[in-house]
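Computed over heavy atoms, backbone and side chain alike; hydrogens, waters and symmetry mates excluded.
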Amino acid sequence: MKLDGSTLPDIPIAKPTYARGDVSVGIVHFGVGGFHRAHQAMYVDALLEKGLAAEWGICGVGVLPGDRKMADALGAQDGLYTLLLEKPDGTRDARVIGSIVDYRYAPDDPEGVVELLAAPSTRIVSLTITEGGYEVDKVDADSVNVFGLITDALALRRDRGVRPPTIVSCDNIEGNGDVARAAFMCYADRTHPGLSEWIGANTRFPNSMVDRITPVTTPEVIATVRDEFGVDDAWPVVAEPFTSWVLEDTFTDGRPPFEDVGVLLVDDVTPYELMKLRLLNASHQALCYFGYLAGYRLVHDAAADPLFAELLRRYMDSEATPTLRPVPGIDLPDYKRTLIERFANPGVRDTIARLCYGSSDRIPKWLLPVVRENLRTGAPIQLSAAVVASWARYAEGVDEQGQPIDVQDQLADELVPLARAQRDNPTSFIENRSVFGDLVDEKRFVDEYVATLESLHRVGARATLEALVGKP
């Protein structure tokens, strides 16, 4: 059955029972991809189902050329889509999510999007624009972009005497709210003189920690939703059952009662975000390059390998955990154990290639802070340095069988030649100070890094790992 508003009453799976026509837009979200639809939109849908958020419906906004496909898919389905949860035991749950009640493709009507953002009814603007999306120096001010649209709207609000919305970053960046604040104030200084002072005095940018593994939607996912659940959905989203959202409770103009659907509202999100970034996200990096070089292409296959599971356990226990602060309410040993189980969930079918994507954005934010903290305190760095070396070997663009690797990274043109030069100059890759800073000057790091890189070249990924953590 084709999914849209007219067929919703007959859809044979869990679905909204609330009247979507009574839901008004209170949240405008930039970056409506799989993660947003499996995470924030799911939480709002749960609130709507409880009758608690009728004024907090979501309007999605796309600005990139690739977002037009999402606009078309959601437009044809009246904003509805299926969330498919893959359980470790092989069973599945599915629900139609109804919280996205509007979608705008900004290049088609940028003025309309600015007015939407400037409307007093828009009380939260949220973002999933990727880790590299906050580099405002790389933003073309003449293009339709997130920063231009939002700062134009903030300028209108200031001029009209309307309080600003809360701006909530949901990207995997340490201090994501602080990063967003700095980016918007920088862009405002460039385009609206004097606006940054108003933003700084009036706009809240709460930090948040978001957590749910959400792989790319494949044709197989679409077929599963159609064949097993009877729903013809052009773009469903698949995720693991686990989900977590920790959010600082500081808002400019109210918020939904997120705590009623399991969101943890806190005064300081820092301990939680460090836990997630340095355990989950950095462990993904530990897994993906070694995994690819060892021949794995799916995350669950690598994570189920006892050798790779031991690598993750050792990294988390000996190198990541010592850099963390106390995390109130979290059982860290249980969290770490659960992470490996989550990675090994065969139903999710997350790809190694997805984890390898955009390494130059991810490694510096997730793993290198662990290296630097442990260099400062004298704690171990062997495995963290080995992960960096595995990235450098992967970035050569050729696997252990001589087959090409499609290195997907915004700095690929710069990094791949450096990686290919490292057989003659073992430190060529980490001499890129724009990515690695002064780590090339740290002898303890360089020694560990070069030792692993030499082993990767000499005996390959699996034998290198066995030497690092022992044969399982």
Side-chain angles (χ1 to χ4, degrees), residues 27-33 36 40 58-67 104-120 122-208 210 248 250-253 273 358 360-362 364-365 410-411 434-435:
I27 301 170
V28 175
H29 183 84
F30 285 83
V32 179
H36 169 71
Q40 295 93 26
I58 299 170
C59 177
V61 177
V63 298
L64 301 176
D67 292 331
R104 311 285 183 90
Y105 183 62
D108 287 347
D109 183 17
E111 294 82 8
V113 171
V114 170
E115 284 295 336
L116 172 68
L117 292 164
T122 297
R123 297 156 67 188
I124 293 175
V125 175
S126 54
L127 313 164
T128 46
I129 57 175
T130 77
E131 295 79 26
Y134 297 85
E135 298 178 13
V136 293
D137 290 341
K138 298 179 181 178
V139 174
D140 179 4
D142 294 326
S143 67
V144 176
N145 65 81
V146 171
F147 296 99
L149 294 165
I150 295 176
T151 53
D152 284 353
L154 290 173
L156 285 179
R157 284 181 177 251
R158 177 197 59 185
D159 296 344
R160 295 171 179 175
V162 177
R163 69 173 65 183
T166 303
I167 297 179
V168 181
S169 169
C170 299
D171 283 296
N172 282 316
I173 305 171
E174 187 174 332
N176 52 15
D178 300 329
V179 170
R181 176 192 295 273
F184 278 100
M185 292 182 71
C186 176
Y187 195 90
D189 279 336
R190 186 189 306 174
T191 57
H192 296 276
L195 181 62
S196 64
E197 288 82 358
W198 184 82
I199 292 173
N202 295 282
T203 308
R204 306 280 179 86
F205 293 83
N207 292 300
S208 69
V210 295
E248 288 178 350
T250 175
F251 286 76
T252 310
D253 189 17
E273 69 183 4
S360 65
D361 278 336
R362 297 175 170 190
K365 295 180 176 72
Q410 64 178 4
L411 298 182
S434 66
V435 175

Within-4.5 Å side-chain heavy-atom neighbours: [X] and [Y]:
| X | Y | value |
| --- | --- | --- |
| V435 | L411 | yes |
| V113 | D109 | no |
| I167 | F184 | yes |
| V32 | D67 | no |
| F30 | I150 | yes |
| D171 | I129 | yes |

[X] side chain vs [Y] backbone, donor-acceptor pair below 3.5 Å:
| X | Y | result |
| --- | --- | --- |
| T128 | G31 | yes |
| S126 | V168 | no |
| S169 | A180 | no |
| D140 | D142 | yes |
| R157 | R163 | yes |

Sequence neighbours left out, what passes salt bridge (charged side-chain N to carboxylate O under 4.0 Å, His left out) with [X]? Give chain and number order.
| X | answer |
| --- | --- |
| E174 | R278 |
| R104 | D102 |
| R123 | D253 |

To the nearest 0.5 Å, what is the distance between [atom1] on [X] and [atom2] on [Y]?
| X | Y | atom1 | atom2 | answer |
| --- | --- | --- | --- | --- |
| L154 | M185 | CG | CE | 11.0 Å |
| T122 | E115 | OG1 | CD | 10.5 Å |
| L116 | E111 | CG | CD | 13.5 Å |
| C186 | R181 | SG | CZ | 14.5 Å |
| I124 | I27 | CD1 | CD1 | 4.5 Å |
| C170 | H36 | SG | NE2 | 8.5 Å |

Item to check | Full working for side chain to side chain contact (heavy atoms under 4.5 Å, CB included) between R158 and N202 | outcome: CA-CA 10 Å; R158 177 197 59 185; N202 295 282; over 6 Å; no
Pairs of donor and acceptor atoms involving the side chains of residues 191-201, under 3.5 Å and at least two apart or interchain, shall be tabulated with distances.
residue: T191; atom: OG1; partner: Y187; partner atom: O; Å: 2.9
residue: H192; atom: NE2; partner: D152; partner atom: OD1; Å: 2.7
residue: S196; atom: OG; partner: D189; partner atom: OD1; Å: 2.6

Closest heavy-atom pair and its distance - [X], [Y]:
| X | Y | value |
| --- | --- | --- |
| G175 | N207 | C-OD1, 3.1 Å |
| L149 | P110 | CD2-O, 3.8 Å |
| P65 | Y105 | CA-OH, 3.4 Å |
| P165 | T203 | O-CG2, 3.4 Å |

Item to check | Derivation of the side chain to side chain contact (heavy atoms under 4.5 Å, CB included) call for V125 and T166 | outcome: CA-CA 6 Å; V125 175; T166 303; over 6 Å; no
Next on the checklist: If only side-chain N and O atoms count, and only distance matters, is there a donor-acceptor pair under 3.5 Å linking N176 with Y134?
Outcome noted: no
Item to check | Donor-acceptor pair between T250 and R204 side chains, under 3.5 angstrom | outcome: yes
Next on the checklist: Tell me every residue that passes side chain to side chain donor-acceptor pair (under 3.5 Å) with D361, counting only those two or more places apart in sequence or in another chain.
Outcome noted: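 Expected list: Q410.
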Item to check | Counterpart residues, side chain to side chain donor-acceptor pair (under 3.5 Å), relative to R190 (two or more places apart) | outcome: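 Here the qualifying residues are D137.
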